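Working notes, structure below.
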Amino acid sequence: MAETRVKVRGESVFAERFAVFAESLLTGVWIAVASLGVVTYPAAFAAGARHLRRRTAHEGGGWREFVADFRTALRGGWLAGLAGWAVAAAVWVDVQAARAGIPGGPLVGAVGLVALIGLVVAGLRAAAVWEPDARWRTLLAHAWRRTALDPAGSFLIIAGLAVAVLSAWFAAPLAVPVLGAVAAAAVAVEERYRHR
């Protein structure tokens with residue numbers, strides 16, 4: 001499917017950036033809906049990130065392209081989603097061990113939480129660079145390396161995740177559009193890393 005280039009209007013920088021912000025909030029809603037399948041969240045973030053990359057490059061694209069990207073990303077993405085839930089379950093067991101007072105439990109719980117945060121960041125970084133011909137295993141391996149080699153970028157993604165969590169804590173419906181801002185943050189971090 002050929003992507004069409006949209007003519008850039010003479011918008012102010014503020015208007016263009018606000019439009020990208022608004023588009024990221026809408027994309028957050030799309031990501032939330034696509035993530036309802038429980039193991040579909042990697043594919044949803046990948047499709048959302050690709051949509052935002054198209055938007056910032058002033059290329060055409062909308063809901064139909066998002067759905068097409070989501071379906072393509074879902075081919076291997078559901079396995080990544082399943083693995084993510086397995087890791088989350090393992091960390092939950094670690095935290096329960098820490099709370100039960102098992103010797104060494106607090107250390108194991110802390111290591112588990114740090115590993116989970118690292119894996120979430122790597123997953124978001126992988127989704128941010130996803131393309132239709134990419135394999136999730138390769139994307140995740142490279143993203144894990146970038147997560148370790150670019151701590152500043154990884155911290156920015158963690159900050160975005162913290163905003164999403166705090167938004168959900170203040171008012172649960174706010175977390176839905178903020179998911180798009182998290183995807184936009186991952187796209188921006190990957191773009192920054194690429195130009196280093």
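Residue numbers count from 1 along this sequence. Every value quoted in this text rests on a predicted model; they were computed, and no experiment measured them.
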Exercise. In Å and rounded to the nearest 0.5 Å, what is the CG to CG distance from L124 to L161?
Worked result: 5.5 Å
Exercise. For the residue pair W136 and W130, does the interplanar ring angle fall in the parallel (under 30°), tilted (30 to 60°) or perpendicular (over 60°) class?
Worked result: parallel
Problem set entry | Enclosure of W169 CH2 (heavy-atom neighbours >12, cutoff 6.0 Å) | no
Problem set entry | Straight-line distance of W92 CH2 to W85 CH2, nearest 0.5 Å | 13.5 Å
Exercise. Going only through I, L, V, M, F, W and Y residues with side-chain contacts under 4.5 Å, is there a path from L156 to V121?
Worked result: yes
Problem set entry | More than 12 heavy atoms from other groups under 6.0 Å of CZ on R137 | no
Problem set entry | Shortest non-hydrogen contact from T27 toward G48 | CG2-CA, 3.6 Å
For this session: Identify whether V111 and V95 are in the same connected component of the hydrophobic contact network (ILVMFWY, side-chain heavy atoms under 4.5 Å).
Result: no
Exercise. For the atom pair CZ (F155) and CD1 (I157), what is the distance rounded to the nearest 0.5 Å?
Worked result: 12.0 Å
Problem set entry | Full working for side chain to side chain contact (heavy atoms under 4.5 Å, CB included) between L26 and E23 | CA-CA 5 Å; L26 174 63; E23 192 72 28; 4.1 Å; yes
Problem set entry | Residues Y41, I31; criterion side chain to side chain contact (heavy atoms under 4.5 Å, CB included); working and verdict | CA-CA 7 Å; Y41 63 91; I31 290 170; over 6 Å; no
For this session: Walk me through it: do V129 and R194 pass the test side chain to side chain contact (heavy atoms under 4.5 Å, CB included)?
Result: CA-CA 10 Å; V129 297; R194 193 169 64 87; over 6 Å; no
For this session: Compare every heavy atom of D150 with every heavy atom of R196, then report the nearest pair and how far apart it is.
Result: NH1-OD1, 3.4 Å
Problem set entry | For the student: nearest non-hydrogen atoms of S154 and R125, plus distance | OG-NH1, 3.1 Å
Exercise. Can L179 be reached from L174 by stepping across I, L, V, M, F, W or Y side chains whose heavy atoms are under 4.5 Å apart?
Worked result: no
For this session: Give a yes or no on whether a salt bridge exists between R53 and D69, defined as a side-chain N under 4.0 angstrom from a carboxylate O.
Result: no
Exercise. When clusters are formed by joining ILVMFWY residues with side-chain heavy atoms under 4.5 Å apart, either directly or through shared neighbours, do I117 and V182 land in the same one?
Worked result: yes
For this session: Quick one: closest heavy-atom pair of V178 and A164, and the distance?
Result: CG1-CA, 3.5 Å
Exercise. Which heavy atom of Y193 sits nearest a heavy atom of L149, and at what distance?
Worked result: OH-CD1, 4.1 Å
Exercise. Hey, is R55 close enough to E65 for a salt bridge, meaning N to O under 4.0 Å?
Worked result: no
For this session: Treat each ILVMFWY residue as a node, draw an edge where side-chain heavy atoms are under 4.5 Å apart, and state whether V187 and V163 are in one component.
Result: no
For this session: List the atom of S24, the atom of A184, and the distance in Å for their closest heavy-atom pair.
Result: CB-CB, 4.1 Å
Seminar exercise, completed: Separation between CZ (F66) and CZ (R54), nearest 0.5 Å, reads 10.0 Å
Problem set entry | Heavy atoms from other residues, nucleotides or ligands near CH2 of W78 exceed 12 (cutoff 6.0 Å) | no
Exercise. Taking the inter-plane angle between the rings of F18 and F14 on a 0 to 90° scale, is it parallel (under 30°), tilted (30 to 60°) or perpendicular (over 60°)?
Worked result: parallel
Exercise. Which distance, rounded to the nearest 0.5 Å, do you find between the CG of L140 and the OG1 of T147?
Worked result: 9.5 Å
